[in-house]
Enquirer: 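To start, I am sharing the structure in question, which I have written as structure tokens.
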Amino acid sequence: MRAWVVHESGPVATGPLRLVERPAGEPGYGELLIRVLTCGVCRTDLHLAEGDLAPRAPDITPGHEVVGEVAAAGPGAVRFGAGDRVGVAWLAGTDGSCRYCRRGAENLCPRSVFTGWDIHGGYAEYVVAADAYVHAVPAGFSDAEAAPLLCAGIIGYRALLRAELPPGGTLGIWGFGGSAHLTAQIAIAQGAAVHVFTRAAAARELALELGAQSAQDSFDPTPEPLDAAIMFAPAGELVPAALSALDRGGTLAIAGIHLSDIPALNYAAQLFQERTLRSVTANTRGDAEEFLRLAQRLRLRVTVTPYRLEQADQALADLAADRVAGAAVLSV
Ligand SMILES: [Zn+2]
Ligand SMILES: [Zn+2]
């Protein structure tokens with residue numbers, strides 16, 4: 001089968017991805033062999049390709065927003081069978097026995113493995129995934145629309161939980177790509193006033209179209225104090241601005257797996273008055289199930305920029321240059 005691999009990480013302009021031929025693999029105990037229909041392009045793939053995220057295996061195939069059809073089920077796979085439409089997400093496995101797993105925080109498991117980082121992901125014609133970590137794809141979404149739900153949607157949802165947005169509160173969102181455009185819709189459906197801060201003019205337009213109260217440039221002042229904020233942009237230099245925009249007792253959650261360095265903070269202007277700064281690390285399967293149900297119930301509108309599998313490197317370059325409206329998705 002055809003598969004992209006990260007051969008030598010580096011700036012996306014140097015072509016870190018390579019399209020190769022390799023065996024499709026076989027499902028082992030408790031695993032599924034899945035024929036990939038679509039795979040979303042996440043900023044984490046870009047971090048991996050560019051080397052911001054250290055590779056965990058040589059020539060790994062990226063991609064962790066996979067919508068596919070089960071081609072074969074290995075022994076011990078009990079949840080899904082041949083022909084089922086399934087979604088493969090970022091969290092690919094945990095030990096299930098450490099103190100984090102036992103207290104319901106499997107997102108913090110030190111022995112967790114991730115799709116498209118530790119094991120091959122969906123920039124390929126087939127992928128093998130653990131039956132226990134695969135999700136049913138909600139009805140009412142096309143294969144392309146469903147793909148961004150699987151990381152952008154799930155992680156954005158966990159970030160929203162971590163931001164502790166009070167009912168009817170104000171939410172600031174920095175960066176407005178695949179994840180933010182889904183998260184904003186959930187917050188708006190919950191009655192929040194959402195203010196978007198991004199340098200990309202097309203993204204500001206999309207934000208207003210989806211019901212955001214305001215959309216401005218990244219460093220513009222907030223129209224009103226924020227009860228909660230989420231940083232989707234991987235830019236640490238925006239953190240002081242976002243903290244300054246928080247109201248007393250407000251929380252800023254950093255959604256990404258990678259962030260450039262945060263400049264020195266001023267305690268009085270950016271943290272005092274019980275403002276909170278927190279990170280978001282992966283997600284639990286519970287987060288995923290909850291979000292996917294919510295996506296279906298709220299009929300989230302998924303904005304997709306389509307690419308063919310052969311164009312994966314182009315999709316990453318466009319993502320790096322802020323040229324993607326909503327979420328980029330590869331059709332296989
Ligand atoms: Zn992702
Ligand atoms: Zn664990």
Side-chain angles (χ1 to χ4, degrees), residues 43-44 46-47 52-53 105 107-108 152 155-188 190-208 210-283 320-322:
R43 190 165 286 277
T44 299
L46 183 61
H47 292 317
D52 296 323
L53 209 58
N107 61 308
L108 299 179
I155 298 288
Y157 178 64
R158 185 169 178 94
L160 183 61
L161 298 178
R162 296 276 295 159
E164 298 193 359
L165 173 67
T170 50
L171 173 71
I173 289 181
W174 271 262
F176 202 77
S179 196
H181 94 286
L182 298 171
T183 310
Q185 292 178 64
I186 294 180
I188 290 165
Q190 290 172 348
V194 171
H195 300 285
V196 171
F197 303 79
T198 174
R199 63 184 181 185
R204 289 198 292 267
E205 236 166 79
L206 177 61
L208 294 173
L210 291 172
Q213 202 111 114
S214 77
Q216 45 266 301
D217 211 336
S218 312
F219 285 100
D220 284 353
T222 182
E224 59 180 325
L226 305 170
D227 297 311
I230 305 173
M231 179 64 59
F232 288 104
E237 68 268 21
L238 293 173
V239 168
L243 286 171
S244 300
L246 288 180
D247 200 356
R248 295 173 172 226
T251 298
L252 170 64
I254 312 279
I257 192 170
H258 167 79
L259 186 75
S260 59
D261 286 347
I262 302 174
L265 295 176
N266 179 280
Y267 183 63
Q270 285 143 3
L271 274 177
F272 196 58
Q273 307 294 0
E274 304 208 336
R275 280 167 286 185
T276 302
L277 173 61
R278 41 179 28 187
S279 67
V280 179
T281 300
N283 63 275
D322 273 348

Enquirer: Considering non-hydrogen atoms only, spot the tightest contact between I173 and A180 and give its length.
Expert: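 In terms of heavy atoms, the two residues are closest at CG2-CB, 3.7 Å.
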Enquirer: Please report the shortest heavy-atom distance between A159 and A255, naming the atom on each side.
Expert: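 That would be CB-CB, 3.9 Å.
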Enquirer: What are the two closest heavy atoms between V196 and A207, and how far apart are they?
Expert: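 Between these two residues, the closest heavy atoms are CG2-CB, 3.8 Å.
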Enquirer: Which word best sums up how the rings of H181 and F176 line up, parallel for under 30°, tilted for 30 to 60°, or perpendicular for over 60°?
Expert: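 If you compare the ring of H181 with that of F176, the planes turn out perpendicular.
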Enquirer: Determine the minimum heavy-atom distance between D227 and G169, stating which atoms define it.
Expert: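 Scanning both residues, the minimum pair turns out to be OD2-CA, 3.2 Å.
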Enquirer: How long is the straight-line distance from CG of L259 back to NE2 of H47, given to the nearest 0.5 Å?
Expert: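 Going from the NE2 atom of H47 to the CG atom of L259 covers 8.5 Å.
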Enquirer: What's the separation between atom CZ in R275 and atom OG1 in T251, rounded to the nearest 0.5 Å?
Expert: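 The OG1 atom of T251 is 11.0 Å from CZ of R275, to the nearest 0.5 Å.
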Enquirer: I'd like to check P223 versus Q216 (side-chain heavy atoms, cut-off strictly below 4.5 Å). Are they in contact?
Expert: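 The answer is yes; the side chains approach within 4.5 Å.
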Enquirer: CZ of F232 to CG of L238: how many Å apart, nearest 0.5 Å?
Expert: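 F232 atom CZ to L238 atom CG measures 13.5 Å (nearest 0.5 Å).
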Enquirer: Holding to side chain to side chain donor-acceptor pair (under 3.5 Å), I want the full list of residues that pass it with T183, two or more places apart in sequence or in another chain.
Expert: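 Result, side chain to side chain donor-acceptor pair (under 3.5 Å) vs T183: none returned.
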Enquirer: Hey, is the main chain of Q270 close enough, under 3.5 Å, to the side chain of S244 for a donor-acceptor pair?
Expert: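 A pair under 3.5 Å: no.
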Enquirer: Do you know which two heavy atoms are closest between A245 and T222, and how far apart they sit?
Expert: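 Looking at all heavy atoms of both residues, the closest pair is CB-CG2, 3.7 Å.
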Enquirer: Is there side-chain contact between N107 and R158, with at least one heavy-atom pair below 4.5 Å?
Expert: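 Heavy-atom side-chain distance check passes, below 4.5 Å.
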Enquirer: What's the separation between atom CZ in R162 and atom CG in L160, rounded to the nearest 0.5 Å?
Expert: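 Output value for this atom pair is 12.5 Å.
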Enquirer: I want to check something: taking the side chain as every heavy atom from C-beta on, are L46 and R43 in contact at a cut-off of under 4.5 Å?
Expert: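 Yes - at least one pair of side-chain heavy atoms lies under 4.5 Å apart.
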Enquirer: When you measure from the side chain of N266 to the backbone N and O of A268, does any donor-acceptor pair fall under 3.5 Å?
Expert: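 Yes, because the side chain of N266 sits within donor-acceptor range (under 3.5 Å) of the backbone of A268.
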Enquirer: On a heavy-atom basis, which atom in P240 and which in L265 lie closest, and how many Å separate them?
Expert: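 P240 and L265 have their closest heavy atoms at CG-CD2, 3.9 Å.
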Enquirer: Does the side chain of Y157 come within less than 4.5 Å of L182's, by heavy atoms?
Expert: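 Not touching, per the 4.5 Å side-chain cut-off.
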Enquirer: What I'd like to find out is whether the side chain of V280 reaches to under 4.5 Å of the side chain of L161, using heavy atoms alone.
Expert: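 A side-chain contact under 4.5 Å is absent here.
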Enquirer: Determine, step by step, whether I254 and V239 satisfy the side chain to side chain contact (heavy atoms under 4.5 Å, CB included) criterion, reporting the C-alpha distance in whole Å, the side-chain angles of both residues, the deciding distance to 0.1 Å, and the verdict.
Expert: CA-CA 9 Å; I254 312 279; V239 168; 3.8 Å; yes
Enquirer: Taking the side chain as every heavy atom from C-beta outward, state whether L226 and L246 have any pair of such atoms under 4.5 Å apart.
Expert: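 When only atoms from C-beta onward are counted, L246 and L226 do touch, with a gap below 4.5 Å.
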Enquirer: Test your reading of the model: is there a side-chain donor-acceptor pair from T198 to the backbone of G175, 3.5 Å cut-off?
Expert: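 Not confirmed, T198 side chain does not pair with G175 backbone.
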Enquirer: Just wondering, do Q213 and V194 contact through their side chains at under 4.5 Å, heavy atoms?
Expert: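 The answer is no; the side chains never approach within 4.5 Å.
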Enquirer: Can you tell me how far the OG atom of S218 sits from the CZ atom of R204, to the nearest 0.5 Å?
Expert: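 So the gap between those two atoms works out to 8.0 Å.
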Enquirer: Sequence neighbours excluded, which residues qualify as side-chain contact (heavy atoms from CB on, under 4.5 Å) partners of A228?
Expert: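 Result, side-chain contact (heavy atoms from CB on, under 4.5 Å) vs A228: A163, L165, L171.
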Enquirer: Which value, rounded to the nearest 0.5 Å, describes the distance between W174 atom CH2 and R199 atom CZ?
Expert: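 Output value for this atom pair is 15.5 Å.
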